[in-house]
A.B. asks: 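Right, I'll just put the structure down here and ask away after.
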Amino acid sequence: MHRPSAGLASSAPCEAERRRPDCRGAYFRFLLPILLCLTSAGAHAAESRAVQSIFLSSPSITGNPNPRVPLAALLKFETRIPVATNVDVSDGEKRWRIDFPMVPEGKRTLPLVGMRPGRLHRFQVTVTDTAGRKLKSTRKLEFRTPPLPADPFGFPKLEVVKSSPTEMEPGITLMTVRRRALGRAHQLTPAQRDFSVRWGMIVAVDERGEVVWYYQSDRRIAGISVLRTGNLFYHSEGSVPAEIDVLGNKIREWGAALGPRKLPEGAIPVEATTLHHQPEELPNGNFVSMMAAPRTVQNYYTSEYDANAPRKTQSVMGDDIIEFTPAGKVVWRWSAFDHLDPFRIGYETFSSYWWVRGFPGVLDWTHGNGVHYDPRDDSVILSFRVQDAIIKVD
């Protein structure tokens, strides 16, 4: 009998109360509805008092102000006491719950993610106080997500060939997307190179292969992982690892202070020539990363096909593995030059990989493609593409 109001609990008069002036001559016919209405009004008054005892401002939902993550929204409200928050979400077909831990009283802004594009989503907010008492919001909360970009150069075309959710790990799948102009990297025009490296994307899909989140970057992105804090950690073009939250807000980023590239403004300098591929968070909070550095080698090869070709002094790029702190200090280092034979070469040693990354003419001896920490025996596993080798280091 109550119309929903803009607040958490309705205080609008019921229909029976509005009709009471017209009840003369029909007292008994209207007595029961009036009593029911008064009982309901008393219950809503109690609920209203409960709401007022907890909320200083009612929950509201707005779109993410950061355009890099358009499929996200913000839940805002303020409470007088500490509460935990649960949000039930429905898009008319799919339902799920987002749980937020107990936090102190005051204003809060909570991220809402996991929504599919181009759909109207409805939300039910429930808060729980320290005594375990629950209060559901009666306010109607909705948010319509925008559609995916239609430009084929602005968003990848995805096609689900097969989906077997029962055989999958739970949760969503994160993947990085990059685009590239055709041709050898060192032969690209400036416009072609910008097309290739001044754009990047992280896409999240659910168990059905449907997009539920994406992040648009102005740098090409390599690897992606999730930190213990729940934030995302990715590596981008120019030796720049970065940490962002689920709303796409940059928390911090790092840069190779000893390399040829200028560090982004505000980046934490790392004592390294390069940082490449995907660094990994260690249990102690530091990061392990590949760091390629050039060395001058006398009487080196000039061909990867002809062992008898003339030799000359060459600048050769080999990989170091470093551990650095969040403040950028290197606390451990292992160099391939100190443990492997630099005259053991593989195909693409003479590729242009490092030429376009600030090291013109430098040869690609190891080309590290991945580093992973193994907590079982406190070791590091390395992948060297040009060496065709996987190496484990204690």
Side-chain angles (χ1 to χ4, degrees), residues 61-74 89 91-94 96 111-121 142-163 171-226 231-251 253 261 264-265 276-278 353 356-357:
I61 291 181
T62 58
N64 184 13
N66 188 342
R68 295 186 183 276
V69 180
L71 297 184
L74 302 179
V89 189
D91 64 7
E93 177 185 352
K94 187 177 179 181
W96 69 99
L112 301 176
V113 296
M115 296 176 283
R116 292 184 288 179
R119 291 174 179 263
L120 179 66
H121 295 77
E142 296 181 343
F143 176 73
R144 181 176 293 277
T145 51
L148 295 177
D151 181 4
F153 293 114
F155 197 89
K157 180 181 179 181
L158 302 178
E159 179 182 354
V160 179
V161 177
K162 182 179 180 181
S163 172
I172 64 172
T173 298
L174 288 166
M175 54 188 170
T176 59
V177 180
R178 49 208 301 192
R179 65 187 188 189
R180 181 174 175 176
L182 298 179
R184 300 290 290 176
H186 65 285
Q187 296 174 335
L188 298 180
T189 66
Q192 288 174 319
R193 180 151 181 81
D194 284 347
F195 177 85
S196 300
V197 303
R198 300 297 173 222
W199 185 94
M201 184 172 284
I202 304 170
V203 175
V205 296
D206 64 11
E207 70 281 358
R208 296 188 290 186
E210 295 188 86
V211 176
V212 293
W213 184 93
Y214 70 92
Y215 168 76
Q216 174 69 63
S217 172
D218 54 9
R219 287 177 176 271
R220 184 174 62 196
I221 296 177
I224 172 71
S225 62
V226 181
N231 288 335
L232 302 180
F233 183 57
Y234 68 84
H235 191 76
S236 62
E237 189 272 340
S239 294
V240 181
E243 177 185 357
I244 60 172
D245 62 21
V246 294
L247 297 174
N249 301 314
K250 187 175 296 181
I251 306 302
E253 63 181 358
R261 300 289 182 84
E265 184 177 355
H276 65 95
H277 288 78
Q278 176 64 17
Y353 182 84
V356 298
R357 290 166 172 81

A.B. asks: Got a donor-acceptor contact below 3.5 angstrom from the Arg179 side chain to the Phe153 backbone?
C.D. replies: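 Looks like yes, one N/O pair under 3.5 Å.
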A.B. asks: Quick one, Met175 and Val205 - any side-chain contact, counting heavy atoms below 4.5 Å?
C.D. replies: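 Touching, per the 4.5 Å side-chain cut-off.
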A.B. asks: Main chain of Val246, side chain of Trp213: is a donor-acceptor contact present, judged purely on distance under 3.5 Å?
C.D. replies: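 It does hold such a pair.
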A.B. asks: Under the 3.5 angstrom rule, does the side chain of Asp91 hit a backbone N or O of Leu120 as a donor-acceptor pair?
C.D. replies: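 No; judged by distance alone, with no hydrogens or angles, the pair does not exist.
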A.B. asks: Any chance you could measure Leu148, atom CG, to Glu210, atom CD, to the nearest 0.5 Å?
C.D. replies: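 The CG atom of Leu148 sits 10.0 Å away from the CD atom of Glu210.
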A.B. asks: Check this for me: Glu265, atom CD, are more than 12 non-hydrogen atoms of other residues, nucleotides or ligands nearer than 6.0 Å?
C.D. replies: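 Counting neighbours around CD of Glu265, 12 or fewer heavy atoms of other residues, nucleotides or ligands fall under 6.0 Å, so no.
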A.B. asks: Looking only at atom types and distance, does a side-chain atom of Arg357 sit under 3.5 Å from a main-chain N or O of Tyr353, one as donor and one as acceptor?
C.D. replies: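 Confirmed, Arg357 side chain pairs with Tyr353 backbone.
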A.B. asks: What are the two closest heavy atoms between Ser163 and Glu207, and how far apart are they?
C.D. replies: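 Taking every non-hydrogen atom into account, OG-O, 2.6 Å.
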A.B. asks: For Leu174 and Ala204, work out which heavy atoms get closest and say how close.
C.D. replies: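 Heavy atoms only, the tightest pair is CD2-CB, 3.8 Å.
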A.B. asks: Find the distance between OG (Ser236) and OH (Tyr234) and round it off to the nearest 0.5 Å.
C.D. replies: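 Here the rounded value is 5.5 Å.
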A.B. asks: Any side-chain heavy atom of Leu112 sitting closer than 4.5 Å to one from Leu74?
C.D. replies: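 Side chain of Leu112 against side chain of Leu74, heavy atoms only: no contact under 4.5 Å found.
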A.B. asks: With a 4.5 Å limit on heavy-atom distance, are the side chains of Val203 and Met201 in contact?
C.D. replies: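 A side-chain contact exists here, since the closest heavy-atom pair is under 4.5 Å.
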A.B. asks: Side chains of Glu253 and Pro264: does their closest heavy-atom pair fall under 4.5 Å?
C.D. replies: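 Glu253 reaches Pro264 side chain to side chain.
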A.B. asks: Once you round to the nearest 0.5 Å, how far does OG of Ser225 lie from NE2 of His235?
C.D. replies: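 Between Ser225 OG and His235 NE2, I get 11.5 Å after rounding to 0.5 Å.
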A.B. asks: Donor-acceptor pair, distance only, cut-off 3.5 Å: does the side chain of Arg220 make one with the backbone of Gly200?
C.D. replies: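 No: the side chain of Arg220 does not pair with the backbone of Gly200.
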A.B. asks: Leu71 versus Pro146: any side-chain heavy-atom pair under 4.5 Å?
C.D. replies: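 Of all side-chain heavy-atom pairs linking Pro146 with Leu71, at least one is under 4.5 Å.
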A.B. asks: CZ of Arg68 to CD1 of Ile202: how many Å apart, nearest 0.5 Å?
C.D. replies: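 Arg68 CZ to Ile202 CD1: 11.0 Å, rounded to 0.5 Å.
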A.B. asks: How close do Ser196 and Ala181 get, heavy atom to heavy atom, and via which atoms?
C.D. replies: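 Heavy atoms only, the tightest pair is OG-N, 2.9 Å.
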A.B. asks: Among residues at least two apart in sequence or on other chains, which ones pass ring-ring contact (aromatic ring centres under 6.0 Å, His included) with His121?
C.D. replies: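 By the ring-ring contact (aromatic ring centres under 6.0 Å, His included) rule, His121 matches no residue at all.
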A.B. asks: Indicate yes or no for a side-chain donor-acceptor contact from Arg193 to the backbone of Val356 under 3.5 Å, with no hydrogens or angles considered.
C.D. replies: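 Side chain of Arg193 to backbone of Val356: a pair is present.
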A.B. asks: Under a 4.0 Å N-O cut-off, is there an ion pair linking Arg116 with Asp206?
C.D. replies: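 No, Arg116 and Asp206 are not salt-bridged.
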A.B. asks: For the OG1 atom of Thr176 and the CD1 atom of Ile224, what is their distance to the nearest 0.5 Å?
C.D. replies: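 The OG1 atom of Thr176 sits 8.0 Å away from the CD1 atom of Ile224.
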A.B. asks: Sub-3.5 Å donor-acceptor pair from the side chain of Arg208 to the main-chain atoms of Val211, do we have one?
C.D. replies: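 A pair under 3.5 Å: no.
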A.B. asks: Could you pull out the closest heavy-atom pair between Val113 and Ala72, with the gap in Å?
C.D. replies: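 Looks like CG1-CB, 3.9 Å.
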A.B. asks: Between Asn66 and Gly248, is there a donor-acceptor pair closer than 3.5 Å when you use the side chain of the first and the backbone of the second?
C.D. replies: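 Pair found, side chain donor or acceptor close to backbone of Gly248.
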A.B. asks: Taking the side chain as C-beta and beyond, is there a heavy-atom pair between Asn231 and Ile244 under 4.5 Å?
C.D. replies: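 The answer is no, as the side chains (C-beta and beyond) never meet within the 4.5 Å cut-off.
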A.B. asks: Could you tell me which non-hydrogen atom of Ile61 sits nearest to which non-hydrogen atom of Ala73, and how far apart they are?
C.D. replies: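 So the two residues come closest at CG2-CB, 4.0 Å.
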A.B. asks: Would you confirm whether Thr145, through its side chain, and Arg119, through its main-chain N or O, come within 3.5 Å as a donor-acceptor pair?
C.D. replies: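 Yes.
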A.B. asks: For Phe195, does the six-membered ring have the charged nitrogen or CZ of Arg198 within the cation-pi criterion, i.e. under 6.0 angstrom from the centroid and within 45° of the normal?
C.D. replies: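 Negative - Arg198 is either too far from the ring of Phe195 or too far off its axis.
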A.B. asks: Roughly how far, to the nearest 0.5 Å, is CG of Asp218 from CD of Gln216?
C.D. replies: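 Reported to 0.5 Å precision, the distance equals 8.5 Å.
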A.B. asks: Is the shortest distance from a Lys or Arg side-chain nitrogen in Glu237 or Arg261 to a carboxylate oxygen in the other one below 4.0 Å?
C.D. replies: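 Yes, charged N to carboxylate O under 4.0 Å.
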A.B. asks: Search all heavy atoms of Pro149 against all heavy atoms of Tyr214 and return the closest pair with its distance.
C.D. replies: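 Heavy atoms only, the tightest pair is CD-OH, 3.4 Å.
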A.B. asks: Please examine the side chains of Gln278 and Phe233, heavy atoms only from C-beta on, and report whether any two atoms are closer than 4.5 Å.
C.D. replies: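 Result yes, sub-4.5 Å side-chain heavy-atom pair found.
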